[in-house]
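Whatever order the structure lists them in is the order used to number ligands and atoms, beginning at 1. All values below were derived from every heavy atom in this structure, side-chain atoms included, with hydrogens, water molecules and symmetry-related copies excluded.
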Amino acid sequence: MAKRVGTVRSVRALRKRVAAWQSAGETVALVPTMGALHEGHLSLVRLAKKRADRAIVSIFVNPAQFAPSEDLATYPRDEVGDRKKLAALDADLIFAPTEKEMYPPDFSTRVQVADVSEDLCGASRPQFFAGVATVVAKLLIQCLPDLAVFGDKDYQQLLVVRRLARDLDIPVKIIGGPIVREPDGLAMSSRNAYLSAKERQIAPLLHGTIKDVASDLAAGRPIDEALTAGRERLIAAAFDLDYLEVRDANSLKPVEGDIEGPARVFVGAYLGRTRLIDNVAVPRTRK
Ligand code: AMP
């Protein structure tokens with residue numbers, strides 16, 4: 001039987017556990033999440049266990065990254081189920097702070113990462129990345145792990161986190177884990193639970209479309225043409241498209257002309273009231 005996973009709710013208790021492990025010579029990995037864990041999250045926990053002696057999973061639905069019109073109140077929560085899933089993976093600790101622990105009433109600081117935050121998801125959700133950067137900076141400083149694991153699913157977020165750790169000299173290695181998908185290609189997401197049966201049938205087209213755009217680009221189709229075809233396909237299938245773009249995989253800068261370095265296709269779209277995002281690498285062609 002899997003052993004139980006302990007839960008701490010205060011920064012003080014978290015630091016005590018991490019300090020005990022690190023002073024015994026063990027390395028510690030942190031996997032930040034908002035809970036309602038699915039296979040995508042669990043793959044990151046497995047990666048954390050592989051790369052470090054101890055894996056800590058934080059569970060905190062971060063109010064600072066939701067706009068007032070967004071789904072904070074209805075965001076799925078399942079701490080009991082999460083704890084069982086983490087016990088089965090032999091995770092070492094859950095950090096599930098209260099809102100007051102993270103944001104005392106006079107909390108006044110905001111971490112704003114310019115440049116990589118500003119486009120794609122950042123353009124339509126202006127407060128989102130400041131909310132993410134603030135909470136991730138706090139989590140990294142609270143825990144001071146040796147490494148922290150984030151999913152490629154939220155690729156722009158991964159770049160924002162890398163940049164903030166570097167800019168603020170937080171001594172932690174940031175690792176990205178591959179996107180875990182449903183058998184029909186839909187990227188796993190806690191928000192998939194919001195989809196109606198009909199929307200769930202349409203949803204895999206998001207991945208199908210960016211995959212086709214990426215292979216068209218690899219085959220040399222002009223960028224504008226490939227993107228226009230992809231956008232039209234998604235709009236015709238009832239997506240309310242926020243963006244479909246190809247970007248440099250390291251800087252997120254627009255790519256023009258020939259694709260030379262690593263590039264990715266990014267999409268953000270609403271299906272009914274559910275916001276979905278996804279991305280894929282443009283396959284490298286040998287010249
Ligand atoms: P969230 O709970 O949505 O904030 O996600 C927590 C972490 O899990 C983030 O680093 C996400 O990028 C990652 N994640 C979410 N869905 C997936 C997925 N389908 N595959 C890989 N990582 C994921």
Side-chain angles (χ1 to χ4, degrees), residues 29-51 55-66 70-72 74-79 81-83 85-86 89 91 94-97 102 116-117 120-122 125 128-140 143 145 147-165 172-195 200 203-204 206-207 210-211 249 264 266-268 274-281:
L30 174 69
V31 184
T33 81
M34 298 207 297
L37 301 179
H38 52 65
E39 260 310 307
H41 299 113
L42 301 182
S43 72
L44 303 183
V45 180
R46 286 190 201 98
L47 187 56
K49 286 290 290 185
K50 220 180 270 172
R51 303 286 290 268
I56 302 176
V57 179
S58 64
I59 298 178
F60 180 64
V61 182
N62 174 35
Q65 70 192 65
F66 289 79
E70 292 181 343
D71 56 341
L72 174 63
T74 55
Y75 195 85
R77 289 163 170 86
D78 179 19
E79 205 181 300
D82 290 346
R83 199 173 298 128
K85 290 174 191 164
L86 293 173
L89 294 188
I94 296 169
F95 176 47
M102 294 299 272
V116 283
S117 282
L120 304 176
C121 283
R125 301 178 77 197
F128 172 69
F129 283 120
V132 168
T134 303
V135 82
V136 172
K138 281 176 68 73
L139 289 166
L140 295 178
C143 184
L147 51 103
V149 189
F150 293 82
D152 286 347
K153 159 81 181 8
D154 301 274
Y155 193 88
Q156 188 176 11
Q157 170 174 288
L158 172 64
L159 295 189
V160 168
V161 169
R162 285 218 163 101
R163 185 73 62 89
L164 90 83
V172 54
K173 190 168 173 175
I174 306 297
I175 291 177
I179 302 175
V180 178
R181 301 181 177 281
E182 301 287 355
D184 60 13
L186 177 65
M188 288 192 182
S189 162
S190 309
R191 290 195 166 101
N192 292 350
Y194 299 155
L195 297 170
R200 178 63 189 82
L206 204 63
H207 174 239
I210 56 173
K211 218 171 71 176
R264 294 184 85 89
F266 294 90
V267 70
T274 307
R275 184 180 169 83
L276 300 172
I277 59 170
D278 201 350
N279 68 92
V280 293

Measure from the side-chain N and O atoms of D184 to the backbone N and O of P204, and report whether any donor-acceptor pair falls under 3.5 Å.
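No.
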May I ask you to decide if A249's main-chain N or O and Y155's side chain share a donor-acceptor pair within less than 3.5 Å?
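Yes, because the side chain of Y155 sits within donor-acceptor range (under 3.5 Å) of the backbone of A249.
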Report the part of P178 in contact with ligand 1, treating N, CA, C, O as backbone and CB onward as side chain, heavy atoms under 4.0 Å; options are side chain, backbone, both, neither.
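Contact part for P178 vs ligand 1: backbone (N, CA, C, O).
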Which bit of H38 gets closer than 4.0 Å to ligand 1, counting heavy atoms only: side chain, backbone, both or neither?
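Side chain only.
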Can you tell me which residue and heavy atom of the protein come closest to [atom], and the distance to 0.1 Å?
| atom | result |
| --- | --- |
| atom 4 (O) of ligand 1 | M34 CG, 3.6 Å |
| atom 20 (N) of ligand 1 | V180 N, 2.9 Å |
| atom 7 (C) of ligand 1 | P32 O, 3.6 Å |
| atom 13 (C) of ligand 1 | L44 CD1, 3.5 Å |
| atom 1 (P) of ligand 1 | H41 NE2, 3.6 Å |
| atom 11 (C) of ligand 1 | D154 OD2, 3.0 Å |
| atom 10 (O) of ligand 1 | G151 N, 2.9 Å |

Candidate list T33, V31, D78, test side-chain contact (heavy atoms from CB on, under 4.5 Å), partner I59, passing option
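The option that passes is T33.
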Hey, are the side chains of R200 and L186 touching, using non-hydrogen atoms and a 4.5 Å cut-off?
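Sidechains of L186 and R200: in contact.
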Is there a side-chain contact between H41 and M34 (heavy atoms, below 4.5 Å)?
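No, too far: nothing below the 4.5 Å cut-off.
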Of all the atoms in ligand 1, which lie at a distance below 4.0 Å from a heavy atom belonging to [X]?
| X | answer |
| --- | --- |
| M188 | 16 (N), 17 (C), 18 (C), 19 (N) |
| F150 | 10 (O) |
| I179 | 20 (N), 21 (C) |

Within the 6.0 Å centroid threshold, strictly below: F95 and F60
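No, ring centres 6.0 Å or more apart.
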Output every pair passing salt bridge (charged side-chain N to carboxylate O under 4.0 Å, His left out) with a member in residues 153-163, not counting sequence neighbours, ordered by first then second residue.
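Qualifying pairs, neighbours excluded: D115-R163.
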How long is the gap from CG on L159 to CG on L164, to the nearest 0.5 Å?
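That separation rounds to 11.5 Å.
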Quick one: which of R181, R191, R264 gives a salt bridge (charged side-chain N to carboxylate O under 4.0 Å, His left out) with D278?
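By the salt bridge (charged side-chain N to carboxylate O under 4.0 Å, His left out) criterion, D278 pairs with just one of R181, R191, R264: R181.
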R181, K153, R191: member with heavy atom nearest to atom 17 (C) of ligand 1:
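Checking each option, the heavy atom nearest atom 17 (C) of ligand 1 is found in K153.
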